[in-house]
Trainee: 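First the structure, which I've put down as structure tokens, then a few questions once you've had a look.
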Number of protein chains: 2
Amino acid sequence: MRAVFYIAHRTTDGSRVGIKEIAEQVDSPEHFLAKILQDLSRKGLIQSTKGPNGGFYIDDQSLKRPLADIIKALDGDDIFTGCGMGLSQCSEKNPCPLHKEFKKVRNQLSRMLLTTTIGQFNKDLLAGHLSLKKE
Amino acid sequence: MRAVFYIAHRTTDGSRVGIKEIAEQVDSPEHFLAKILQDLSRKGLIQSTKGPNGGFYIDDQSLKRPLADIIKALDGDDIFTGCGMGLSQCSEKNPCPLHKEFKKVRNQLSRMLLTTTIGQFNKDLLAGHLSLKKE
DNA sequence: TTAATAAAAGACTAAAATGTCTTTTATTGT
DNA sequence: ACAATAAAAGACATTTTAGTCTTTTATTAA
């Protein structure tokens with residue numbers, strides 16, 4: 001689940017990319033990756049077609065999705081809600097000592113992830129020619 | 001590992017507290033909690049004595065420790081370092097598109113956790129009379 | 001110095017996350 | 001239609017994390 005941001009944008013260049021190639025470029029086990037991509041595909045975040053010349057790709061619409069969508073799809077949105085200290089009673093009415101501070105941090109993070117689209121992130125990435133391998 | 005912030009400060013009131021009482025107040029399985037507390041105790045973040053009238057407590061020194069110390073002790077300091085996107089190449093020289101933004105968020109979080117001591121957090125908590133149970 | 005108390009330590013089990021393998025289904029070129 | 005390609009699906013194995021239980025060790029009070 002972790003190593004996953006990588007993929008979405010490997011396929012951003014219009015053409016379709018087979019999972020073998022992706023897995024290789026990202027060095028993540030092929031089948032494992034497949035499972036995750038299938039999940040993202042089911043959720044409409046990426047697209048895929050079967051058969052020869054098939055593979056994964058991302059259409060223009062999906063390129064406009066914020067990074068936050070990927071995170072939510074993969075990890076749920078716990079990151080965006082809830083008390084940072086894990087205190088369930090913590091709320092606006094009854095805030096824990098760090099409630100306000102945490103909120104600031106969280107909001108900043110959310111804003112960042114919501115305003116950055118997949119396409120954008122990718123463009124910038126390519127500009128800096130970063131590889132996406134693990135190490 | 002998650003439900004743990006709770007404890008440290010349950011014992012902030014000077015006297016020693018048995019694990020059974022803590023476990024109950026925090027509703028976390030006793031033995032599991034014990035393991036964690038032992039860990040924290042070994043690392044010097046909390047104190048304990050055996051025998052009758054023994055239990056866990058926190059001395060004045062430890063009360064002055066920042067919350068960040070607990071997090072580091074329990075989860076390691078991954079939160080405080082590394083690229084938010086999980087890109088290993090990401091660095092000052094070769095920053096990923098969100099590097100700067102992430103850094104800001106991370107720094108804010110660090111500052112917060114470093115400047116808030118256990119004692120302080122606890123005092124504020126008690127003032128707001130929050131319970132520490134899970135729900 | 002012994003009995004009771006309470007944490008420390010370690011072996012063990014269960015659950016969840018991660019990763020692998022096999023079969024099925026859809027697509028396309030021949 | 002058929003063979004080849006590639007993702008989808010799902011069964012299975014491994015590893016990590018969480019949680020339980022039992023035994024040991026230290027402390028204290030009688």
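Convention: sequence-line order gives letters A, B, ...; per-chain numbering from 1. FYI, side chains are in, hydrogens and waters are out, and symmetry mates aren't considered; it's all heavy atoms of this structure.
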Trainee: D:dA7 P sits how many Å from A:His31 NE2, rounded?
Mentor: 11 Å

Trainee: Measure from the side chain of A:Phe32, starting at C-beta and using heavy atoms only, and say which of C:dT18, C:dT28, D:dT28 lies closest.
Mentor: C:dT18

Trainee: Measure from NZ on A:Lys20 to P on D:dA4 and round the result to the nearest Å.
Mentor: 15 Å

Trainee: Would one find a side-chain N or O of B:Thr49 under 4.0 angstrom from OP1 or OP2 of D:dA26?
Mentor: no

Trainee: Between D:dA8, C:dG19, D:dA6, which one does the side chain of A:Ser41 approach most closely?
Mentor: D:dA8

Trainee: Can you tell me how far P of C:dT18 sits from CG of A:Asp75, to the nearest Å?
Mentor: 9 Å

Trainee: More 5' along DNA chain D: A:Pro52 or A:Ala34, using each one's nearest nucleotide?
Mentor: A:Pro52

Trainee: For A:Ile36 and C:dA17, give me the distance from atom CD1 to atom C1', rounded to whole Å.
Mentor: 11 Å

Trainee: Does one side chain, of A:Thr117 or A:Arg65, offer a donor that lies under 3.5 Å from an acceptor on the other?
Mentor: no

Trainee: A:Asp59 and A:Ser62: side-chain donor and acceptor closer than 3.5 Å?
Mentor: yes

Trainee: Where each residue is assigned the nucleotide of DNA chain C containing its nearest heavy atom, which of A:Pro29 and A:Asn53 is assigned the position nearer the 5′ end?
Mentor: A:Pro29

Trainee: Would you mind reading off the distance between B:Leu37 atom CG and C:dA9 atom P, rounded to a whole angstrom?
Mentor: 13 Å

Trainee: Using OP1 and OP2 only, check whether a side-chain N or O of A:Arg16 sits under 4.0 Å from D:dA6.
Mentor: no

Trainee: Of all the choices, C:dT22, D:dA8, C:dT5, which nucleotide is nearest to the side chain of A:Phe56 once you look at every atom?
Mentor: D:dA8

Trainee: Please report, rounded to the nearest Å, how far the P atom of D:dA8 is from the CD1 atom of A:Ile22.
Mentor: 10 Å

Trainee: Taking B:Asp39 first and then B:Lys43, would you say they form a salt bridge - that is, a charged N and a carboxylate O separated by under 4.0 Å?
Mentor: yes

Trainee: Can you tell which of A:Leu37, A:Val17, A:Thr49 makes a side-chain contact (heavy atoms from CB on, under 4.5 Å) with A:Phe56?
Mentor: A:Leu37

Trainee: Please determine, for the side chain of B:Lys50, which listed nucleotide (C:dT27, D:dG19, D:dT27) has the closest atom?
Mentor: D:dT27

Trainee: Which atoms form the tightest heavy-atom contact between B:Ile19 and B:Glu30, and what is the distance?
Mentor: CD1-O, 3.6 Å

Trainee: Between A:Lys35 (NZ) and D:dT14 (P), how many Å, whole number?
Mentor: 15 Å

Trainee: What integer distance in Å separates A:Glu30:CD from D:dA6:C1'?
Mentor: 10 Å

Trainee: Where the side chain of A:Ile19 is concerned, which of C:dA7, D:dA7, C:dT20 is the nearest nucleotide?
Mentor: D:dA7

